[in-house]
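Below is one structure, written out as C-alpha cells; the observations come after it.
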There are 2 protein chains.
Amino acid sequence: MGCTISEAAKRSGLTAYTLRYYDKEGLLPFVDRTSAGNRDFKESDFEWLNLITCLKRTGMPVKNIREFINWCREGDATLQQRLMMFLRHQKEVQAQMAELEHCMEKINYKIWYYTKAVEAGTEAVHNKDTCETAASSTTKFITANVS
Amino acid sequence: MGCTISEAAKRSGLTAYTLRYYDKEGLLPFVDRTSAGNRDFKESDFEWLNLITCLKRTGMPVKNIREFINWCREGDATLQQRLMMFLRHQKEVQAQMAELEHCMEKINYKIWYYTKAVEAGTEAVHNKDTCETAASSTTKFITANVS
DNA sequence: GCTTGACTTAGAGTCAGCTCTAATCTGTAT
DNA sequence: ATACAGATTAGAGCTGACTCTAAGTCAAGC
C-alpha cells in the first residue's frame, strides 16, 4: 500500500540511514510496518516528514522535535505547549533571518570591494594612502556597514 | 597596547577557548603576541573577527574561512578567487534565506492552527469530519501552504 | 622570594547528527 | 531449492566545532 524506506528516502530527499536514525530517535512513531517488519510509509507520513524537515532546517534539535511529536500523540492536553513551542521557534527563526540579512550586507559589500579590486588588478585601489593592509580594508568595510 | 584573550572574548562574544581554537585552525594569523608570548588583540583584529563570525554564522566551514584568510595574505594574485568565493557564498546565503522564509510560513500556519485549537479546547475544531488524526491536520496545513 | 592569577600549549573529551558495518531475515525470480 | 535484492537491528565510526584539562610560563603584588 505505502512505500519502502528507499522510496521514502528518494521522495523526502533524506537518506534511508537518516530515516532509520530519525525513527530510532522517536521522530517517526506513526510509520507502520509490513507483516515482514519493514517500514511502510504512507501518504500522511510524508507530511510529518515535511514538518520535521522544516523544523530541522530552522535549527530545532532532534530532542525538541521528539518532544513535539510526543505531545502530538498525547492529544488535546498538550495543545498549549505545542502553541508555545511554535511561538518560541518563530522568534528564533525571525532572529536567524535578521542575522542572515545582516551578514548578507557584509557579503554584498565584499563583492563590491573585490569586483573593484579585480577590475583595478590590485586591492590598493581601495586605499586612500598608497600602502594599507587587508586588515584596514576590512575596517573601511565595517565602517561602511555601520553608516 | 592591544588587549588580552579574555578581553577579546568578552568583546567579540566568543569564548577564549574558541579564539584559541580559531587561531590553531589558522583563522587568526594576524594576531600579534606580547614579549611574554600572550596574544595581543589590536583594533583591526576585531574587524577580522567580525568578518569570520559573519561567515561562520552563514554556515561557512572553518576550512573554507581558512582558505580565504590565506588568500588574503597572498595578495593581489588571489583577488579573483576571493571574489568568486563571495559570489558562491552569496548564492548559498540567498538559498538559506529562501528556505527560512518557506519554513516560516509553515510555522506561522501552525501558530494559527494551534491558536484556534487552544481557543476551542480541542484540535478537533480543524476537522471537517468528527474524528481525524493529527497527521491529517498536517495534510491540510501543507495543502494550505501550497495554495 | 613567593604566591597568585591569567596566560600558554598539546591533546583529550563532548556533542549532535548523521553514516556505515555486520549479521540476519524475507519475499521474489529462476 | 536457491540465489539475490533489499529490508531489519545493534552498535561502531565519523565529522565539525567546539570545550575542557593538565602541565607549564610569566608578571605583578605582598
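In what follows, chains carry the letters A, B, and so on, assigned in the order in which the sequence lines appear, proteins first and then strands, with residues in each chain numbered from 1.
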State whether [X] places a side-chain N or O below 4.0 Å from either non-bridging phosphate oxygen (OP1 or OP2) of [N].
X: A:Y21; N: C:dC20; answer: no
X: A:R39; N: D:dA7; answer: no
X: A:K56; N: C:dG17; answer: yes

Check your understanding: Is A:K24 side chain donor-acceptor paired with the C:dG17 base, going by distance under 3.5 Å alone?
Key ->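 Flag unset: no donor-acceptor pair detected.
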**Study point:** Under-3.5 Å donor-acceptor pair between A:K63 side chain and C:dG17 base
**Key:**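 Counting by modelled atom types and ignoring angles, no donor-acceptor contact under 3.5 Å is found here.
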Review point. Between B:H126 and B:Y113, is there a donor-acceptor pair closer than 3.5 Å when you use the side chain of the first and the backbone of the second?
Key: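 Confirmed, B:H126 side chain pairs with B:Y113 backbone.
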Review point. Is any side-chain N of the basic residue among A:D23 and A:R66 closer than 4.0 Å to the acidic one's carboxylate O?
Key: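 Salt bridge: no.
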Review point. Same cluster or not: are A:M84 and B:V118 linked, directly or through other Ile, Leu, Val, Met, Phe, Trp or Tyr residues, by side-chain heavy atoms under 4.5 angstrom apart?
Key: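 In one cluster with A:M84: B:V118, no.
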Between [X] ([atom1]) and [N] ([atom2]), how many Å, whole number?
X: B:M60; N: D:dA17; atom1: CE; atom2: C1'; result: 16 Å
X: A:R33; N: D:dA7; atom1: CZ; atom2: P; result: 12 Å
X: A:I5; N: C:dC20; atom1: CD1; atom2: C1'; result: 14 Å
X: A:E7; N: D:dA5; atom1: CD; atom2: P; result: 17 Å
X: B:N64; N: D:dT15; atom1: CG; atom2: P; result: 16 Å
X: A:I65; N: C:dC18; atom1: CD1; atom2: C1'; result: 14 Å
X: A:L19; N: D:dA7; atom1: CG; atom2: P; result: 11 Å
X: A:L14; N: C:dG17; atom1: CG; atom2: P; result: 14 Å

Review point. Which of the following nucleotides, D:dT8, C:dG11, D:dC18, is nearest to the side chain of B:Y22?
Key: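 Between D:dT8, C:dG11, D:dC18, the one nearest the side chain of B:Y22 would be D:dC18.
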Point to revise | Out of C:dC7, D:dC18, D:dA7, whichever nucleotide has its closest atom nearest the side chain of B:S6 | key: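 Taking heavy atoms from C-beta onward, the closest nucleotide is C:dC7.
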Review point. What about the rings of A:Y109 and A:W112, do their centers lie closer together than 6.0 Å?
Key: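 When the ring centroids of A:Y109 and A:W112 are compared, they turn out to be within the sub-6.0 Å range.
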Review point. Which part of the nucleic acid does B:T4 contact within heavy-atom distance under 4.0 Å: base, sugar-phosphate only, or nothing?
Key: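 Sugar-phosphate, backbone atoms only, no base.
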Check your understanding: Hey, does B:R20 reach any base, or is it just sugar-phosphate, or nothing, if we go heavy atoms under 4.0 Å?
Key ->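 Here B:R20 touches the bases of the nucleic acid.
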Check your understanding: For B:E123 and A:R73, what are the C-alpha separation, side-chain angles and deciding distance, and is it a salt bridge (Lys or Arg N to Asp or Glu O under 4.0 Å)?
Key -> CA-CA 12 Å; B:E123 220 172 334; A:R73 304 189 68 93; over 6 Å; no
**Study point:** Upstream residue (5' side of DNA chain D) when B:G59 and B:Y17 are each assigned their closest nucleotide
**Key:**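 Looking at the nearest nucleotide for each, B:G59 comes out on the 5' side.
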Exercise for review: For A:T15 and for A:A36, locate the closest nucleotide of DNA chain C by heavy-atom distance; then report the residue assigned to the nucleotide nearer the 5' terminus.
Suggested key: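 Counting from the 5' end, the first nearest nucleotide belongs to A:T15.
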